[in-house]
Peer 1: 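The structure is given below, and queries will be raised subsequently.
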Amino acid sequence: MTIKPEGCLDLVGPHVTGWVWLPVEPGRRLRVEVLFGESPLRVEAMADRHRPDLEAAGKGDGRHGFTVPLPEALAEREPLVDVRLPDFPAARLRGTPRRVIVALGLVTLRDVRTTDGDLERLRGFLAGMVRLNGGCVDTAVPGAADLQTWLAGAGDGDGGTDRCWLIAERGDRIVGHVRIGPGWPALPDSAALTLGIELHPDVRGLGLGRQLMLAAHRWAAGRCARLELAVLPHNARALALYRALGYADLGPVALPETGEIHRRMAVGLPAPYGNAGRGVTLVS
Ligand SMILES: CC(C)(COP(=O)(O)OP(=O)(O)OC[C@H]1O[C@@H](n2cnc3c(N)ncnc32)[C@H](O)[C@@H]1OP(=O)(O)O)[C@@H](O)C(=O)NCCC(=O)NCCS
């Protein structure tokens, strides 16, 4: 049996929060070392805090959480945060490394271009997200050519009026994206398009998701009657956002590939208003 710790860096901000445990020794509490910055400031802690979500997920008695405050002197510097396990030097926690961002600042929302290396940058972002989630880049991330084919649309040759891919950029870094187009859970030949959104964990919880959703709605208004999406029932933050934006819950729906149950949600769209989404929106 391999003796391998399992854990995750959950939140970085005024506090750095995560969990780690050793499934083969569930009663053992592990030491963690949180590293802040390039010439790192090290803070040691024990992963022994009780977390009801860990207990509910079957991680022993749930006493495997850790929390370390962000050193005040570093708060403005947006330091990188990494976590090491002194007793398992080769182990890496899922979700590491991350950057502390306490204020979003200026973010640009715009269409992905098929020129200027934009597709490679988008692919790099998607690959980074898969790595953070512990997935396999080779199987989970389409190549730039596939991204281009998708963007070109279903062969109408005009850039595909039924699809759009918006990115959020902070400086020269892509920090999020939203994709609208045909596909599950919207039914083929219906008046609906499907939306999918994902932000880098560094910028979650700062209001950017709402801004990207609103930009997607602006693009879609007049192009389809309704937007649909599928969300996992335990994704509280996403559910809160969709409900606040007026999405109705249409009931459970199974992901075709795995059968995993999601909630199908939809929002009706008004006729086009304002900027139709081809331009740039700034968020701060
Ligand atoms: C879901 C996601 C797009 C939301 O974007 P975000 O910028 O993090 O969310 P926001 O800051 O705009 O907050 C959305 C709402 O959730 C609420 N919220 C924030 N954290 C929450 C939490 N832990 N639990 C419940 N609600 C939470 C906020 O208060 C906000 O509601 P409000 O506008 O009424 O105040 C983003 O977190 C993300 O990419 N998550 C991972 C990928 C994902 O889940 N994609 C969706 C798949 S369907």
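Throughout, numbering of the chain's residues begins at 1 and tracks the sequence. Read the numbers this way: they start at 1 and go in the same order the structure lists the ligands and their atoms.
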Peer 1: Does L255 sit in a hydrophobic cluster with other residues, and if so which ones, taking ILVMFWY side chains as linked at heavy-atom separations under 4.5 Å, directly or through other members?
Peer 2: W184, V253
Peer 1: In the hydrophobic clustering (ILVMFWY, side-chain contacts below 4.5 Å, transitive), which residues join W19, or is it alone?
Peer 2: W21, L54
Peer 1: Does V100 reach the side chain of P79, with side-chain heavy atoms less than 4.5 Å apart?
Peer 2: yes
Peer 1: With a 4.0 Å heavy-atom cut-off, what residues sit around ligand 1?
Peer 2: I197, E198, L199, R204, G205, L206, G207, L208, G209, R210, A230, V231, N235, A236, R237, A238, A240, L241, Y242
Peer 1: Do the ring planes of W150 and W165 sit parallel (below 30°), tilted (30 to 60°) or perpendicular (above 60°)?
Peer 2: perpendicular
Peer 1: What orientation do F125 and H177 show, parallel under 30°, tilted 30 to 60°, or perpendicular over 60°?
Peer 2: perpendicular
Peer 1: Taking ILVMFWY side chains as joined if any heavy atoms are under 4.5 angstrom apart, and letting links pass through other members, which residues group with L132?
Peer 2: none
